Amino acid sequence: MTGFSVRKDDMRRVKKSGRITIRRWVCHFEGVRDGRQSQNCSRVREPRSITQTRCRASFRVNYNESVGKYTTKEFRPKHYHPLASNNEVHLIRSQRKVEEPQNLRFTRKDMQNMLDVSTRTEVGDSDSDTTIAYFAEKSEHDPGLCLEYTLDDENRLRNLFWADCVARYDYQCFGDVLAFDARYKTNAYHKPLVTLVGTNHHFRTTVFGFALLADETIDSYTWLLQTFLSTMGNRKPVSVITDGDKAMSKAIKIVFTECIHHLCCWHLERNAQANLKNEDFTRKFHDLMLTPMTVAEFETQCRFVQHKLKLYEFVRQIDRALCNLRATETSNEFKTEYNAPVLRTYLQSLEKHAAQLFPLKVFSKVRDEMQREGAIIEVKIVKAIDAALYTVTEFGTPTTCWNVIHNLQENHIQCSCQMMESVGLPCRHMFYVLKVEQIQKILDNMVLRRWIKKAKEHNT
């Protein structure tokens, strides 16, 4: 059956003959887990997510001896949960099967050689023409596919950019932060591959587009960014993250005006290690970049593809890698839809609300902040008619204080640690204020749409 998984339930036999007289099947989501699982807040190991939703869908047959046949005695078709979509059916437990291979008379190397010959036959004489034809065929199945390219003076392919309908939609949902980097020698023509990526609501990489450029000049990057912007409906990102390439930085200033340009922390740390060769400095530099702090405190403390492939082979391999990436997202969506985390904190009303709002990966990060709320110590509180100011510190760091403002009129909370502004997730200091003021649900301004379960629904 598609749409839901089936589990065997009640069965009865005749002792002498062994004949089954009653057989009952239920939905996989039938029943409820033992409540002791959710009451143990001190467990170290994360318990398995809850899948039972008290679904009552069932089917039962009884053996009728007078006619010698099984007859239906119970049929409840109604489910109490969403059914799996077509692209999620393979993730259902009863549908996950691996058939044993029969007499495979070839090795993995034989298969790869055969595929290589097949690919070379498909490429033909003109690599560029074959690549364009490949995209033309894809566009018949994907009308939202965007392909742009330029030619040089000798009518040869110079720059190439493409993004399918899924990438374009994902950008509308998660395009507030855009990261891109160029990788050398990823194809036979030594064209830099530029991947334009972001982060989805499962804290996973999502791809917005690919480009192969003739070089890494200002003109090439400007063409890429202008083409990308046009493809995405002229919607600019809020922040752009790069590896610090000068030509790339100048192109960003030309095309992405008013966008905030950040340098990738990984590249900064790698450059610090390579140039200074001081592990102690690199460690402190890493902490300086990633540890939340005020401006004053900061001022005082101041690859997935094979190489050397032909263009057509290279593009095909990128498509396969993209399919694998999206299969992971489908699996994450399935787990979020049909699994509920076991509540573990003492702020269970807030934790339950968080589980309803956020996908599992994001929920885990939010719950970590709830658990760390226990280390918050109140220094002082100043209350007015329309607002309350909490000054708090944390156990173990008594000299560091944070200010949390609760605006009573607008009913929103803001913290000086700026975790909400930088990461988009509520901090432990905010949860402390919610606890003190007996607020049972996470406030609206503590929830960023790009992190919620429904981030990709009805996005405009």
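Counting from 1, the numbers follow the sequence of the chain as shown. Quick note: numbers below take in every heavy atom, side chains included, and nothing from hydrogens, waters or symmetry partners. Since this is a predicted model, take the numbers as computed values, not measurements.
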query: What residues, two or more places apart in sequence or in another chain, satisfy side chain to side chain donor-acceptor pair (under 3.5 Å) together with H201?
result: E333
message: Quick test of your reading of the model: are R428 and D368 salt-bridged, counting only N-O distances below 4.0 Å?
response: no
task: Would you list the pairs meeting salt bridge (charged side-chain N to carboxylate O under 4.0 Å, His left out) in which at least one residue belongs to residues 405-423, sequence neighbours left out?
output: none
Do any side-chain atoms of residues 249-260 form donor-acceptor pairs under 3.5 angstrom with protein atoms, and if so which ones, sequence neighbours left out?
{"unit_1": "S249", "atom_1": "OG", "unit_2": "D245", "atom_2": "O", "d": "2.9"}
{"unit_1": "T257", "atom_1": "OG1", "unit_2": "K236", "atom_2": "NZ", "d": "2.9"}

- prompt: Ion pair present between R326 and D164, side-chain N to carboxylate O less than 4.0 angstrom?
  reply: yes
message: Just to verify, what does R372 make a salt bridge (charged side-chain N to carboxylate O under 4.0 Å, His left out) with, not counting sequence neighbours?
response: none
- prompt: Got a sec, which pairs hit ring-ring contact (aromatic ring centres under 6.0 Å, His included) with one end in residues 412-434, sequence neighbours left out?
  reply: W402-H429
Contacts of E351 that satisfy side chain to side chain donor-acceptor pair (under 3.5 Å) - sequence neighbours left out: T345, R367
- prompt: Quick one: side chain to side chain donor-acceptor pair (under 3.5 Å) partners of T217, sequence neighbours excluded?
  reply: D215, S220
message: Applying salt bridge (charged side-chain N to carboxylate O under 4.0 Å, His left out), can you list everything that pairs with D9, at least two apart in sequence or on another chain?
response: R24
field: R204: side chain to side chain contact (heavy atoms under 4.5 Å, CB included) partners, not counting sequence neighbours
entry: N200, H202, T328, N332
Ignoring hydrogens and angles, write down the donor-acceptor pairs under 3.5 Å from the side chains of residues 223-233, residues two or more places apart or on other chains.
{"unit_1": "T227", "atom_1": "OG1", "unit_2": "W223", "atom_2": "O", "d": "2.7"}
{"unit_1": "T231", "atom_1": "OG1", "unit_2": "T227", "atom_2": "O", "d": "2.8"}

query: Tell me, which pairs form a ring-ring contact (aromatic ring centres under 6.0 Å, His included) where one or both residues lie in residues 433-454, sequence neighbours left out?
result: F203-W451
query: Just wondering, do C401 and V379 contact through their side chains at under 4.5 Å, heavy atoms?
result: yes
task: Identify, with sequence neighbours excluded, every residue that meets salt bridge (charged side-chain N to carboxylate O under 4.0 Å, His left out) alongside E148.
output: none
- prompt: When you look at F135 and L160, which way does the side-chain contact (heavy atoms from CB on, under 4.5 Å) test go after all the steps?
  reply: CA-CA 11 Å; F135 281 116; L160 176 69; 4.3 Å; yes
